There are 4 protein chains.
Amino acid sequence: MPRLANGVRTPDAIRHAAIELFYEHGYEATTLREVADKVGIRVGSLYNHIDSKDELLGSIMLGIMDDLLAAFRQALRAHNDDPVACLRSCIDTHIRFHATRAHEVFIGNSELRSLPTKQRKRVVSKRDQYEKLISGILETLSEQGLAEVVDVRLQTYAIVAIGTHVSSWYKPRGGMSLDAIVETYTTMIFRQLGISSADAVLPAAPASV
Amino acid sequence: MPRLANGVRTPDAIRHAAIELFYEHGYEATTLREVADKVGIRVGSLYNHIDSKDELLGSIMLGIMDDLLAAFRQALRAHNDDPVACLRSCIDTHIRFHATRAHEVFIGNSELRSLPTKQRKRVVSKRDQYEKLISGILETLSEQGLAEVVDVRLQTYAIVAIGTHVSSWYKPRGGMSLDAIVETYTTMIFRQLGISSADAVLPAAPASV
Amino acid sequence: MPRLANGVRTPDAIRHAAIELFYEHGYEATTLREVADKVGIRVGSLYNHIDSKDELLGSIMLGIMDDLLAAFRQALRAHNDDPVACLRSCIDTHIRFHATRAHEVFIGNSELRSLPTKQRKRVVSKRDQYEKLISGILETLSEQGLAEVVDVRLQTYAIVAIGTHVSSWYKPRGGMSLDAIVETYTTMIFRQLGISSADAVLPAAPASV
Amino acid sequence: MPRLANGVRTPDAIRHAAIELFYEHGYEATTLREVADKVGIRVGSLYNHIDSKDELLGSIMLGIMDDLLAAFRQALRAHNDDPVACLRSCIDTHIRFHATRAHEVFIGNSELRSLPTKQRKRVVSKRDQYEKLISGILETLSEQGLAEVVDVRLQTYAIVAIGTHVSSWYKPRGGMSLDAIVETYTTMIFRQLGISSADAVLPAAPASV
DNA sequence: GATGAATGAGACTTCATTCAT
DNA sequence: AATGAATGAAGTCTCATTCAT
């Protein structure tokens, strides 16, 4: 633990400040001076902790993708014997992750073009992996006759789009509880896939992220 | 006809160049020099046609929202006696519009925060109007017992999200035809609403935008 | 009479508009667009009547100096036999001219440095001539024992400074009448020169400019 | 002591350079590049020390007015029992200040219109205070029957005008010594006020600024 | 004689980044 | 590890001026 300001390690404070500002104003419109102000240090001091503005964005974007993939893979592993339960669990994780880490996810979706080529490729690759995981579930369900998938790619997109959208409007103490959001979307997706609506609602409590 | 460069009126050329560049690199990352270069004039000459970079973005965003609302309202009017046909027509218009004018729509969805407050309010107001139109259709269907709407707001979001997402990846000569995309998404939404899948496919050709 | 807009010849309208704007905001801060707006034409059209912004300023400054010299010389000629009457008449002319053509005179005094070298020299030369005329009167008075001149140069400056200052605050319908201003300053200058105060007030009405 | 280039603190060097350039070419005609060049830094570096070009002008103008008021008030205080001595001291201070800080005073008199409204009001207010101080002395002299004041306002203007004018031509090693200038103008003003000329010349050395 | 449009030069200002202290 | 200051590059916007119509 190198250095603490108000109990927080400076690098963490920088990362946190950057996430909020990139989310609010966008990467290009955010100045490092604003980041430094939010942290409570001078702009020059940032460079004791980051290499560049680019790299700061890159680390945020790679980090969120890694965490998302890890969470999703864990949800997958827990139900590799029951495809419908697996889908339910994955939707749950997908939506909760996009809600609870909405700002980072939003940055991950909107600032790809701000990233230098090299890092962009790495993020895109992770994003593709994520979509492949979703498509894989849908294919399994389709092959086993458990769901009617009209078009794997578009169905995948529809699910991805829900996450993206949730991340753009979800607020912790907004009108609808996270549980209700998850339940509703799960029902909607299950219907879309022609899976019995009854299966959508879990008897037990859903796993938190 | 004030003045033509290669047969195109300069203000139109500027608007077109700006749309492409804002779409590709984002508003903040696009310089007016790039816009001018694309048009084939010097950067100072832009100011014979625009008031400011802000105002250029604003006019693009207001314009696309106006066009979207107009197209949607026209689709609504054509079927005000048959709610299911109306929904089908609106989905059709929604998706085709977001596909054929993908770049402008994408800007409209992603650059809200780059807009000065005054214009932002006007765009947000139009966006709200648009969502209300969609919600209205869903409510009618629900009230008349023609569809099972799990949650009007989230269902509206899901439909909006499809448009947003299509605008982010659709390319005229990409893998899937626009007709096929419309048909697939229509089927998916109809299922989600518990409307007979058969109703989703039109016997006649769908209206073009 | 080449061309009239609202009964005024365009070149005169331009000159008039330029004088008001140069007076109000200064030469550098005034744009030709503002001049054109005030005239009611477009900025490009100005160039049918002027050669350049510099030249427009130059013609105003040379014009006012010529008019000032002409008025002063006329006042001098009218009393070349009575030095005290001559002084009285010159002070009268000096102050009235600086009041009634305050804006041009103000420009003439404040925008010298905005003028290109060549024209500046011509204006400075006229200004020197003007000061020499005043100094000449003072010297005559001094030589003939009619006045006690402490220092010709500083006394000349003091008189010049009065004109400059009047031009910076005089307004036609301000608190003090032009006649009163002339009378008061004349008294003050006469006292300064040790000339009987009684001589300061003219029996007859002073000549108008 | 933050940082010295050639022994001078950068903010002071900027202020000094700006004064010289604003005096020589005027505020509008002076570019920040010229200021930076004169200081020996790049133009962007200026912004480590100033907020804007406007604010740089404002601080110069407010500063000179504050200094002028302070100097004048000190001169007033020193002779609050003898009105004639007080006048003499004030004229001395007035002229010496306008001569020794001629460039700043000149800027203060000529660039009012270049100032943003808010700061302009503050400078104008200080200027009014200064004129009131002068008027006050004249009124006291008049009330006590020590001087014949023809018109308080115009007499005040005449004195102010002398300062303005001196600031426009005085040069440290010009033809006339500062002491001589002060003495001559004092004599002239005393005469104007009908005060015995003998009182104008001080037996002892005049106070320096 | 008027106009709309183009242009080149340049102005103010911002910003990421570096570095001596 | 923090800071104040410097820097170069760039960005938006303005402006005097020109010219075809």
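Proteins come first, then strands; the chains are lettered A, B, ... in the order of their sequence lines, and each starts at number 1. Atoms considered below: every heavy atom in the structure, side chains included; atoms not considered: hydrogens, waters and symmetry mates. Note that this is a predicted model, so its numbers are computed, not measured.
The nearest whole Å value for the distance from the CG atom in C:D37 to the P atom in F:dT14 is 14 Å. Atom CG of B:L21 and atom C1' of F:dG11 are 15 Å apart (whole Å). The distance between atom CZ of C:R33 and atom C1' of E:dT7, rounded to the nearest whole Å, is 13 Å. The CZ atom of B:R9 sits 10 Å away from the P atom of E:dA5 (whole-angstrom rounding). With rounding to whole Å, C:I14 atom CD1 is found 11 Å from E:dG1 atom P. One interatomic measurement links the two molecules: CD of D:E28 to C1' of E:dG10, which rounds to 14 Å at whole-angstrom precision. One interatomic measurement links the two molecules: CD of C:E55 to P of F:dT17, which rounds to 10 Å at whole-angstrom precision. Atom C1' of nucleotide F:dT3 and atom CG of A:L32 are separated by 16 Å, given to the nearest angstrom.
Comparing B:T30 and C:T30 by the nucleotide of DNA chain F whose heavy atom lies nearest to each, the residue mapping closer to the 5' end is B:T30. Comparing C:T31 and D:G40 by the nucleotide of DNA chain F that holds the closest heavy atom to each, the one mapping nearer the 5' end is D:G40. Each of B:I41 and A:A29 was matched to the nucleotide of DNA chain E holding its nearest heavy atom; the match closer to the 5' end belongs to B:I41.
For the side chain to side chain donor-acceptor pair (under 3.5 Å) test, residues two or more places apart in sequence or in another chain that qualify with D:K126 are D:D66. Checked against side chain to side chain contact (heavy atoms under 4.5 Å, CB included), A:A17 has the following partners two or more places apart in sequence or in another chain: A:V35, A:K38, A:V39. Scored by the side chain to side chain contact (heavy atoms under 4.5 Å, CB included) test, D:R101 finds D:I64, D:D67, D:F97, D:E104 as partners (sequence neighbours excluded). For B:R120, the side chain to side chain contact (heavy atoms under 4.5 Å, CB included) partners are B:L112, B:L115, B:T117, B:V124, not counting sequence neighbours. Residues passing the side chain to side chain donor-acceptor pair (under 3.5 Å) test with A:D12 are A:R9, sequence neighbours excluded. Among residues two or more places apart in sequence or in another chain, the side chain to side chain donor-acceptor pair (under 3.5 Å) test is passed with A:E20 by A:H103. Every side chain to side chain contact (heavy atoms under 4.5 Å, CB included) that A:H25 has, sequence neighbours left out, goes to A:L21, A:A29, A:T30.
Within a 6.0 Å radius of CZ in A:R113, other residues, nucleotides and ligands contribute more than 12 heavy atoms.
Against DNA chain F, the stretch residues 43-54 of chain D makes heavy-atom approaches under 4.0 Å through D:G44, D:S45, D:N48, D:H49.
Here the CE-OG distance, from C:M61 to C:S110, works out to 7.0 Å after rounding to the nearest 0.5 Å.
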Dot-bracket pairing map - DNA chain E, Watson-Crick plus G-U, both contacts under 3.5 Å, | cross-strand
.||||||||||||||||||||

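Distances shown here put every side-chain N or O of C:R42 at or beyond 4.0 Å from the OP1 or OP2 atom of E:dA2. When the side-chain nitrogen and oxygen atoms of B:T10 are compared with OP1 and OP2 of E:dA6, one or more of them lie within a distance under 4.0 Å.
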